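Quick caveat: nothing in here was measured; it's all calculated off a predicted structure. Per chain, numbering begins at 1; letters A, B, ... match sequence-line order.
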Protein chains: 2
Amino acid sequence: MPASTDRAADLDDISFLGRLSEALSQTIEDQTRELFDAAGIVIPVRSCSLLTALRQAGEASAAELARTLGQSHQLVIQKCPALIRLGLITQHPDPADARRKLFRLTEKGQAQMAMQDRYSEEISEVYRRLFEETGDVHAMILKTLRALKERPLRERTPPQSR
Amino acid sequence: MPASTDRAADLDDISFLGRLSEALSQTIEDQTRELFDAAGIVIPVRSCSLLTALRQAGEASAAELARTLGQSHQLVIQKCPALIRLGLITQHPDPADARRKLFRLTEKGQAQMAMQDRYSEEISEVYRRLFEETGDVHAMILKTLRALKERPLRERTPPQSR
DNA sequence: TATACAATATATTGCGCAATATATTGTATA
DNA sequence: TATACAATATATTGCGCAATATATTGTATA
């Protein structure tokens, strides 16, 4: 019984929204993992986008992937060993540039992505229906994020008289 | 330039909502940290609720705090050393039960919480105005979370024909 | 060509969390 | 009282991320 979700709101005024959105993120990851497990998909949920980008590129270095994903290349490099261990990708030195190592999906990786594809549409549809039920969280989070980047909490708080 | 927020949506259909809500959580934590820094509040943002619970209890063991917060007691125990190092709380053995150690706010901890209080109302107000601007994300995330706990993704996905 | 700089990959450290295992102490029950 | 169990605190390991530092290689410029 998690229940933390409900209690969180009353207990802590300052970061209730932060913890709530984290709970949503965690719940979605967990439930996606559950779905993948049931379907025999071994892809780490948090590496889906990396593999999608890699599939589209065909072949790419960590730095390229990082730029595509908007993540740090350190993070990409940190994830890759696990994906290699899972047999989803391989790593080759770039013959044209000794600094770079190129990643590529293996056959298994491609097969796994194909399995993921079959669920991808399904899941989009699930979310669409969910949003009809509860409202478009996606759009609203995006709007909130943009508002906060535009004008952060700091600027929205009047200076305190001490 | 993060920008990952925008690109995330197109790249990965399966967990776009997960990463978006995580981005919101992270943004809020970062901006709260920024606010605290500017105000001279040393409280770790993620320990606000712990300190709030402790203040209300006056004195409590890790297990009690964990129950109040809906977190694991391991997590509470892991956070406490940092709070002790910051001089915000102290730890005493429970004279009545040698298994337990009781935590209590120090004077500095109370002063810091008082500083946080001055911002607490402000921030609630900021969120209230933000929600007027962008809609009530809080309520909508809560609704989504409840819908997902009620009926997880797994159950919402029709069985695949393989 | 030599030198500075850019790009790339990588190691290390630390945070926050989850999961697991374990030691200690208290409590209930045979 | 003895024994099993519950409650509590804690250590250890691992994941995902950020931040920092560093080594290697390529590129541009003096």
Side-chain angles (χ1 to χ4, degrees), chain A residues 2 4 8 15 18-19 21-30 32-34 42-50 59-86 89 91-103, chain B residues 2 4 8 15 18-19 21-30 32-34 42-50 59-86 89 91-103:
Chain A
S4 57
S15 55
R19 270 176 298 117
S21 45
E22 196 180 307
L24 180 58
S25 157
Q26 195 58 52
T27 301
I28 288 174
E29 184 182 346
D30 292 347
T32 307
R33 182 70 269 158
E34 198 184 307
V42 302
I43 297 171
V45 176
R46 298 186 98 102
S47 293
C48 274
S49 57
L50 196 163
E59 192 173 61
S61 72
E64 279 168 2
L65 288 171
R67 276 191 297 271
T68 308
L69 296 166
Q71 294 179 340
S72 70
H73 68 282
Q74 292 97 323
L75 187 51
V76 172
I77 282 174
Q78 230 168 6
K79 281 176 171 180
C80 286
L83 299 178
I84 293 175
R85 251 181 283 121
L86 285 167
I89 66 174
Q91 194 185 33
H92 316 272
D94 182 350
D97 185 340
R99 289 173 305 180
R100 291 148 49 92
K101 292 181 182 171
L102 297 175
F103 296 101
Chain B
S4 56
S15 53
R19 269 176 300 116
S21 45
E22 196 179 306
L24 180 58
S25 156
Q26 196 59 52
T27 301
I28 289 174
E29 184 180 346
D30 292 348
T32 307
R33 180 71 270 156
E34 199 184 305
V42 302
I43 297 173
V45 177
R46 298 185 98 102
S47 293
C48 274
S49 57
L50 196 162
E59 191 175 62
S61 71
E64 279 167 2
L65 288 170
R67 275 191 298 271
T68 307
L69 297 166
Q71 294 180 340
S72 69
H73 67 284
Q74 291 97 324
L75 186 53
V76 172
I77 284 174
Q78 230 169 5
K79 283 176 170 180
C80 285
L83 300 177
I84 292 175
R85 250 181 285 123
L86 284 167
I89 65 173
Q91 194 184 33
H92 316 272
D94 182 349
D97 184 341
R99 290 173 304 179
R100 291 150 50 94
K101 292 181 181 171
L102 296 175
F103 296 101

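Using a 4.5 Å cut-off on side-chain heavy atoms (C-beta onward), A:Ser49 and B:Arg19 make contact. At a threshold of 4.5 Å between non-hydrogen side-chain atoms, the residues A:Phe103 and A:Ser61 do not count as touching. Side-chain contact between A:Gln91 and A:Ile84 is present, with at least one heavy-atom pair separated by less than 4.5 Å.
Across all their heavy atoms, A:Pro81 and A:Gln78 have their closest contact at CD-O, 3.5 Å. Looking at every heavy atom in both residues, B:Glu22 comes nearest to A:Ser25 through OE1-OG, 3.5 Å. Considering all non-hydrogen atoms of both residues, B:Leu50 and B:Leu69 come closest at CA-CD1, 3.8 Å. Heavy atoms only, all atoms of each residue included: A:Ile28 and B:Gly18 are closest at CD1-N, 3.8 Å.
Straight-line distance from the CD1 atom of B:Ile77 to the C1' atom of D:dT12: 14 Å, rounded to whole Å. B:Leu83 has its CG atom 13 Å from the C1' atom of C:dG16, to the nearest Å. Between the CD atom of A:Glu22 and the C1' atom of D:dG16 there is a distance of 12 Å, given to the nearest Å. One interatomic measurement links the two molecules: CD of B:Glu64 to P of D:dA9, which rounds to 8 Å at whole-angstrom precision. For the pair B:Asp30 CG and D:dA19 P, the computed distance is 8 Å after rounding to whole Å. If you measure from atom NE2 of B:His73 to atom C1' of C:dA19, you get 12 Å, rounded to the nearest angstrom. In this structure, CD of B:Gln78 is placed 12 Å from C1' of C:dG14, rounded to the nearest angstrom. Taking atom CD on A:Gln74 and atom C1' on C:dT13, their separation rounds to 13 Å, with Å as the unit.
The phosphate of C:dT10 has OP1 or OP2 within less than 4.0 Å of a side-chain N or O from A:Gln91. Residue B:Arg33 places none of its side-chain N or O atoms closer than 4.0 Å to OP1 or OP2 of D:dA18. Of the side-chain N and O atoms in A:Lys79, none sit less than 4.0 angstrom from OP1 or OP2 of D:dC15. The phosphate of C:dC17 (OP1 or OP2) has a side-chain N or O of B:Arg46 nearer than 4.0 angstrom.
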**Request:** Check the pair B:His73 / B:Arg67 against side-chain contact (heavy atoms from CB on, under 4.5 Å), numbers first and verdict last.
**Result:** CA-CA 8 Å; B:His73 67 284; B:Arg67 275 191 298 271; over 6 Å; no

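Residues from residues 92-99 of chain A with heavy atoms under 4.0 angstrom of DNA chain C, sorted by number: A:Arg99.
Listed candidates were C:dA18, D:dT10, C:dT10. Nearest to the side chain of B:Lys101 is D:dT10. Relative to the side chain of B:Ala63, the nucleotides D:dT8, C:dT8, D:dC17 differ in distance, and D:dT8 lies closest.
A donor-acceptor contact shorter than 3.5 Å links the side chain of A:Lys79 to the backbone of A:Arg46.
With pairs defined as Watson-Crick or G-U wobble and both atom distances under 3.5 Å, the stems of at least three pairs that touch DNA chain C come out as C:1-30 with D:1-30.
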